[in-house]
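All values below come from the heavy atoms of this structure, side chains included, with hydrogens, waters and symmetry mates left out. Atoms within a ligand are numbered from 1 in the order they appear, just like the ligands themselves.
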Amino acid sequence: RPLEGEVVLSGAKNSALKLLAASLLTADPCVIRRVPRITDVATMVTMLRALGADAGDEGDAVRVEAGAGLSGCAPYELVRTMRASIIVMGPLVARLGEATIAMPGGCNIGPRRIDFHIRGLEKLGARIDIEHGFIRVHSDGLKGAAVPLDYPSVGATENLLMAATAAEGETVIENAAREPEIMDLCAFLQGMGAEIEGAGTSTIHVAGGRPLHGVDHTVIADRIEAGTYLIMAAATGGRVTTIGLDPAHLELLLTKLRAMGVHVEEGAERITVTRDGPLAPVDISTLPHPGFATDLQAQTMVLLSLAEGTSIITENVFENRFVVVDELNRLGAGIETSGHHAVIAGPRPLSGTVVEAPDLRGGAALVAAGLVADGVTEVRSVYHIDRGYEDLTGKLRALGADVTRWGEDART
Ligand code: EPZ
């Protein structure tokens, strides 16, 4: 069924989680609006409470008050649940001068190392010991420094930004990540009184040591959620408008969709995708922003399976992000992987069967394939999808999709 209609986007998961962590930098209350109702946010709120902060929902906002009783220990059970918990390390060492964080495990898209985080904090004067599966960070007062990153890591940039707000003097982060979520974090920190120059560029200057106060901030829209719905619209031959996102946040996806023959209209916080003809194959390389987003790679494999020819996707960001390929091939796709390359043969008639979501974005890709496949597709382990998509089935039904959810946590 072609998807038709408008979808209002939720706040960005990969910004909201960091803004919640940044609230630890002050004892004043912070209000974060347009927080998506997803399980990763619930995990982060639980983490903040475990650290001794008050945190709770106020409608679609979350209010955080990290008062005097703050402790610096992030428990294993929570870090294991969500490796992004590592993002509390920078704010804790900034606020308390110490942090004890369980080592985040890898996940099935790669080892997810944190060496850039560690080395950067050491440059700012922190002492770090890793033993018994915990990272112990101590500092008698962070000092501003030049912190070059070997790779524009999103998480390392964020941890170092937050730590640098408490480092005496100037910190310069070189080769910083340029994602829109970094810019949103910088806006949040500036709202708290931090002095930051260069947000969104590869060189960010922070004048640290200023006391930070509370802030009321609205999270930017989720560009990966938007890209997922736009890809589903193109895959089903429909017409969908996303509401709430600056099209500039998805520039390369929109360029690639146009190259495939998809019609794309851009407006103020509106993007409309229409596909009513054949799809042309394209080659894609995932790269740090403004390159093609790795978080849209699995979903794009589905679209390229429908193209009239062979496409190649090169995954340059994560070591092992083709896990969903086997499940897509069970739906009839013809994808061959070799190292960092996936060769996608098209067009392939997809036919429904039972499949297993391996991770968040792979799960979204399987749902996208199910919307196109002939017959019924049953996607299992959808708890992965709940980590990053607010009400996926509700939003899809509103676009005309025939999708239902059942089982232990049935909602729609
Ligand atoms: C963030 O992960 C996002 N997660 C990811 O989204 C996203 O795919 C990624 O950025 C890239 O855009 C959140 O924001 C919570 P990185 P992060 O540090 O910060 C290596 C999703 O689906 N690396 O830029 O972990 C690392 O192993 C998730 O929403 C080191 O080697 O990304 C990876 O190969 C998935 N050492 C690469 O860099 C380090 O110290 C990119 O990692 C840090 C990273």
Side-chain angles (χ1 to χ4, degrees), residues 10-22 36 38-41 43-44 47 79 81-90 101 103-123 128 130 135 147-162 173 175-185 202 219-220 222-228 249-250 252-253 286-300 315-321 323-324 340 357-365 384-390:
S10 301
K13 161 175 93 80
N14 293 346
S15 177
L17 294 176
K18 296 35 171 322
L19 306 188
L20 287 165
I38 54 177
T39 49
D40 273 6
V41 164
T43 303
M44 182 57 83
M47 171 67 80
V79 179
T81 308
M82 181 183 66
R83 57 173 313 287
S85 309
I86 191 71
I87 207 67
V88 302
M89 181 162 65
I101 318 276
M103 282 290 279
C107 64
N108 66 0
I109 61 177
R112 311 298 296 273
R113 295 169 39 237
I114 55 168
D115 48 332
F116 306 149
H117 300 241
I118 303 290
R119 283 215 301 272
L121 287 174
E122 287 174 336
K123 285 255 191 214
I128 295 179
I130 298 181
I135 309 161
V147 184
L149 288 175
D150 292 4
Y151 172 91
S153 153
V154 172
T157 301
E158 292 161 338
N159 253 328
L160 295 171
L161 263 173
M162 292 188 278
I173 303 175
N175 196 20
R178 298 164 55 193
E179 274 70 3
E181 292 76 29
I182 302 283
M183 297 174 72
D184 205 26
L185 174 59
S202 297
V219 182
I220 54 171
D222 193 315
R223 63 193 167 100
I224 305 303
E225 183 194 27
T228 304
H249 291 186
L250 275 179
L252 211 47
L253 172 69
T286 68
L287 285 166
H289 195 76
F292 192 92
T294 173
D295 293 348
L296 291 172
Q297 177 255 94
Q299 303 90 312
T300 306
E315 171 57 57
N316 296 304
V317 176
F318 286 104
E319 294 79 0
N320 179 27
R321 206 168 191 175
V323 179
V324 74
H340 285 258
D359 56 55
L360 165 57
R361 306 303 176 183
H384 286 293
I385 302 176
D386 292 335
R387 296 188 53 175
Y389 290 92
E390 180 175 1

Examine the proximity of ligand 1 to [X] and report which part, side chain or backbone, both or neither, has a heavy atom under 4.0 Å away.
X: Arg361; value: side chain
X: Thr294; value: side chain
X: Glu319; value: side chain
X: His384; value: neither
X: Glu181; value: neither

| field | Any non-hydrogen protein atom less than 4.0 Å away from atom 35 (C) of ligand 1 | value |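 Protein heavy atoms within 4.0 Å of atom 35 (C) of ligand 1 - there is at least one.
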What residue and atom, counting heavy atoms only, is the protein's closest point to [atom], and at what distance?
atom: atom 20 (C) of ligand 1; answer: Phe116 CE1, 4.7 Å
atom: atom 15 (C) of ligand 1; answer: Asn14 OD1, 3.4 Å
atom: atom 38 (O) of ligand 1; answer: Tyr151 CE2, 3.6 Å
atom: atom 44 (C) of ligand 1; answer: Arg113 O, 3.6 Å
atom: atom 2 (O) of ligand 1; answer: Arg112 NH2, 3.6 Å
atom: atom 16 (P) of ligand 1; answer: Val154 N, 3.7 Å

Taking only heavy atoms of [X], which atoms of ligand 1 are found under 4.0 Å from at least one of them?
X: His117; answer: 40 (O)
X: Lys13; answer: 21 (C), 29 (O)
X: Ala84; answer: 15 (C)

| Would Arg83 count as a contact of ligand 1 if the rule is a heavy atom under 4.0 Å away? |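 Right, Arg83 reaches ligand 1.
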| Does Arg321 have a non-hydrogen atom less than 4.0 Å from ligand 1? |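 For ligand 1, residue contact (heavy atoms, under 4.0 Å) with Arg321 is present.
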Nearest non-hydrogen partners of [X] and [Y], listed with the distance:
X: Leu161; Y: Ile173; value: N-CD1, 3.8 Å
X: Val154; Y: Ala177; value: CA-CB, 3.8 Å
X: Glu225; Y: Tyr389; value: CA-CE2, 4.0 Å
X: Ser15; Y: Ile220; value: CB-CG1, 4.3 Å
X: Leu253; Y: Gly227; value: CD2-CA, 3.7 Å
X: Ile86; Y: Asn159; value: O-ND2, 3.1 Å

| task | Pick out which of Thr81, Thr39, Asp40 makes a side-chain hydrogen bond (donor to acceptor under 3.5 Å, both in side chains) with Arg387. | result |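 For Arg387, the side-chain hydrogen bond (donor to acceptor under 3.5 Å, both in side chains) test succeeds with only one of Thr81, Thr39, Asp40, which is Asp40.
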| request: With Glu181 as reference, evaluate Arg223, His249, Lys13 under the side-chain hydrogen bond (donor to acceptor under 3.5 Å, both in side chains) test and give the passing residue. | output: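 The single option meeting the side-chain hydrogen bond (donor to acceptor under 3.5 Å, both in side chains) with Glu181 is Arg223.
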| task | Kindly indicate, with the supporting measurements, whether the criterion salt bridge (Lys or Arg N to Asp or Glu O under 4.0 Å) is fulfilled by Glu315 and Arg321. | result | CA-CA 7 Å; Glu315 171 57 57; Arg321 206 168 191 175; 5.4 Å; no
Looking at [Y], is its backbone amide N or carbonyl O close enough to the side chain of [X] to form a donor-acceptor pair, meaning the two atoms are under 3.5 Å apart?
X: Lys18; Y: Asn14; result: yes
X: Asn316; Y: Leu287; result: no
X: Asp184; Y: Val219; result: no

Looking only at distance, does [X] have an N or O less than 3.5 Å from an N or O of ligand 1?
X: Val317; result: yes
X: Lys18; result: yes
X: Phe318; result: no
X: Glu158; result: no
X: Ala156; result: no
X: Gly155; result: yes

| query | Who gets closest to atom 18 (O) of ligand 1 by heavy atom: Ala364, Gly291, Ser153, Ala177? | reply |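 Minimum heavy-atom distance to atom 18 (O) of ligand 1 goes to Ser153.
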| request: Please work out which of Asp150, Asp295, Asn316 has its closest non-hydrogen atom nearest to atom 21 (C) of ligand 1. | output: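 Shortest heavy-atom distance from atom 21 (C) of ligand 1: Asp295.
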| query | Between Ile114 and Ile135, does a side-chain contact (heavy atoms from CB on, under 4.5 Å) hold up when you go through it step by step? | reply | CA-CA 10 Å; Ile114 55 168; Ile135 309 161; 3.2 Å; yes
| request: Report the distance from atom CE of Met89 to atom CD1 of Ile128, rounding to the nearest 0.5 Å. | output: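 Reported value, rounded in 0.5 Å steps: 6.0 Å.
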| Any side-chain heavy atom of Leu296 sitting closer than 4.5 Å to one from Leu250? |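 Yes, side chains in contact.
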